[in-house]
2 protein chains.
Amino acid sequence: MQTREPLRRSDCPISYALDLFGDKWTLLIIRDMLFKQKQRYGQFAESEEKISTNILADRLARLEGEELVTKEADPENGRQVVYALTSKGLDLAPMLIEMILWSAKYDRHSAADRTFIRKAMSDRGQLVKDVKSRARG
Amino acid sequence: MQTREPLRRSDCPISYALDLFGDKWTLLIIRDMLFKQKQRYGQFAESEEKISTNILADRLARLEGEELVTKEADPENGRQVVYALTSKGLDLAPMLIEMILWSAKYDRHSAADRTFIRKAMSDRGQLVKDVKSRARG
DNA sequence: CTGTATCCTTAGGGATACTG
DNA sequence: CAGTATCCCTAAGGATACAG
């Protein structure tokens with residue numbers, strides 16, 4: 001699967017965002033990194049939505065290309081590859097939190113998934129700080 | 001174009017949201033209704049991203065099916081069709097505002113589109129109230 | 001103006017085998 | 001474990017003609 005240069009439909013900021021992650025998979029990877037502390041290919045692959053490996057590889061490459069994510073060798077195990085969010089990627093947290101809160105309000109199924117809804121509800125501002133400091137630490 | 005029932009990949013709230021509007025067009029229609037006071041088919045069709053009419057009709061039908069949007073005859077002109085956001089649709093405003101702010105921060109092109117960035121920046125909380133009261137009024 | 005319908009092309013993506 | 005590669009099918013979507 002060849003990753004082409006990102007399109008550019010208009011100068012609208014919403015359009016820009018959608019051109020980058022307006023699909024059904026990209027934000028799930030961001031979610032895994034942001035809220036579930038996942039950082040390895042295999043961990044993304046085993047998420048319950050079952051992304052297939054070719055799509056996963058494609059999306060990781062795009063995210064790296066857009067500098068939302070870095071890809072590096074684990075310092076403690078050189079053969080281990082580790083993905084991490086850049087500050088550009090971490091800054092998606094507020095948007096994702098609002099998305100979580102909206103779904104929690106309107107969908108009873110996702111409201112049952114308490115994994116990070118409670119965090120998101122407690123304090124939107126504080127959560128962002130938490131996520132960032134955890135990512136640094 | 002047949003609109004099928006929405007998929008359900010998992011109980012995750014982010015996955016739920018993406019299953020509803022995780023594509024390149026749906027949120028642009030919401031944007032037009034929320035920030036540009038558009039309410040007619042023709043107005044959506046003339047947005048600069050140039051959605052084609054079959055996709056537009058499909059997305060409007062889905063949004064109506066998900067009760068994010070209502071479709072009614074204009075009370076002042078019975079032949080005129082008017083689309084409006086439900087409260088469920090209006091509640092997407094905070095998420096879209098965060099999306100706008102993120103793009104404004106990281107994309108110089110969309111930062112040049114001042115249409116609603118300034119509003120979004122001034123006061124996130126107040127903007128939501130403004131949008132809702134404007135929609136009611 | 002508000003759509004529908006049709007044609008056609010491409011991108012998305014599932015399944016799975018394979019490799020270093 | 002971390003991917004690549006291939007096969008193949010379907011959904012997405014552009015263009016455009018047509019209809020009420």
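Throughout, a chain's letter reflects where its sequence line sits, starting with A, and its residues are numbered from 1.
- One can place CD1 of B/Ile29 at 13 Å from C1' of D/dG13, the figure rounded to the nearest angstrom.
- In this structure, of C/dT16, D/dG13, D/dG3, it is D/dG3 that holds the atom nearest to the side chain of A/Tyr83.
- When rounded to the nearest whole Å, the span between CD of A/Glu49 and C1' of C/dG14 equals 15 Å.
- For the side chain to side chain donor-acceptor pair (under 3.5 Å) condition, the pairs that include at least one residue of residues 93-103 of chain A, sequence neighbours left out, are A/Glu98-A/Arg124.
- The listed nucleotides are D/dA2, C/dA5, C/dC1; the one nearest the side chain of B/Asn54 is C/dA5.
- Looking at the side chain of B/Ala57, the nearest of the listed nucleotides C/dT4, D/dG3, D/dA2 is C/dT4.
- Computed from coordinates, the B/Glu46 CD to C/dC1 C1' distance equals 11 Å when rounded to whole Å.
- Taking 3.5 Å as the limit, the base of C/dT2 and the side chain of B/Thr53 contain no donor-acceptor pair of atoms between them.
- The SG atom of A/Cys12 lies 6.5 Å from the CG atom of B/Leu28; values are rounded to the nearest 0.5 Å.
- Across the protein-nucleic acid pair, B/Ile51 atom CD1 and D/dA15 atom C1' stand 14 Å apart, rounded to whole Å.
- Residue A/Arg62 places at least one side-chain N or O closer than 4.0 Å to OP1 or OP2 of C/dG12.
- In this structure the side chain of B/Ile97 never reaches within 4.5 angstrom of the side chain of B/Phe116, judged on heavy atoms.
- At a threshold of 4.5 Å between non-hydrogen side-chain atoms, the residues A/Lys36 and A/Gln43 do not count as touching.
- A straight line from CG of B/Leu60 to C1' of C/dT4 spans 14 Å, rounded to a whole angstrom.
- A close approach under 4.0 Å does not occur between any side-chain nitrogen or oxygen of A/Gln80 and OP1 or OP2 of D/dC1.
- One atom, NZ of A/Lys50, and another, P of C/dT16, lie 14 Å apart when rounded to the nearest Å.
- In this structure, the nucleotide among D/dT4, C/dG13, C/dC1 sitting nearest to the side chain of B/Arg40 is C/dC1.
- If you find the closest nucleotide of DNA chain D to A/Gln43 and to B/Trp25, the one lying nearer the 5' end belongs to A/Gln43.
- Counting only N and O atoms by type, the side chains of B/Ser47 and B/Lys38 include a donor and acceptor under 3.5 Å apart.
- Whole-Å rounding puts the B/Asp58 CG to C/dG3 C1' distance at 13 Å.
- Between the CD atom of A/Glu72 and the P atom of D/dG3 there is a distance of 13 Å, given to the nearest Å.
- Within 4.0 Å (heavy atoms only), B/Arg79 reaches no atom of the nucleic acid at all.
- Between the side chains of A/Tyr16 and B/Asp113, no donor-acceptor pair is found at a separation under 3.5 Å.
- For B/Tyr41, the listed nucleotide lying nearest its side chain is C/dT4; candidates were C/dG13, D/dA5, C/dT4.
- Nearest nucleotide to the A/Ser52 side chain, out of D/dG14, C/dA15, D/dC1: C/dA15.
- Among the nucleotides D/dA2, C/dG13, D/dG13, the one closest to the side chain of B/Asp23 is D/dG13.
- Distance from the side chain of B/Arg59 is smallest for D/dG13 among the nucleotides D/dT4, D/dG13, C/dT4.
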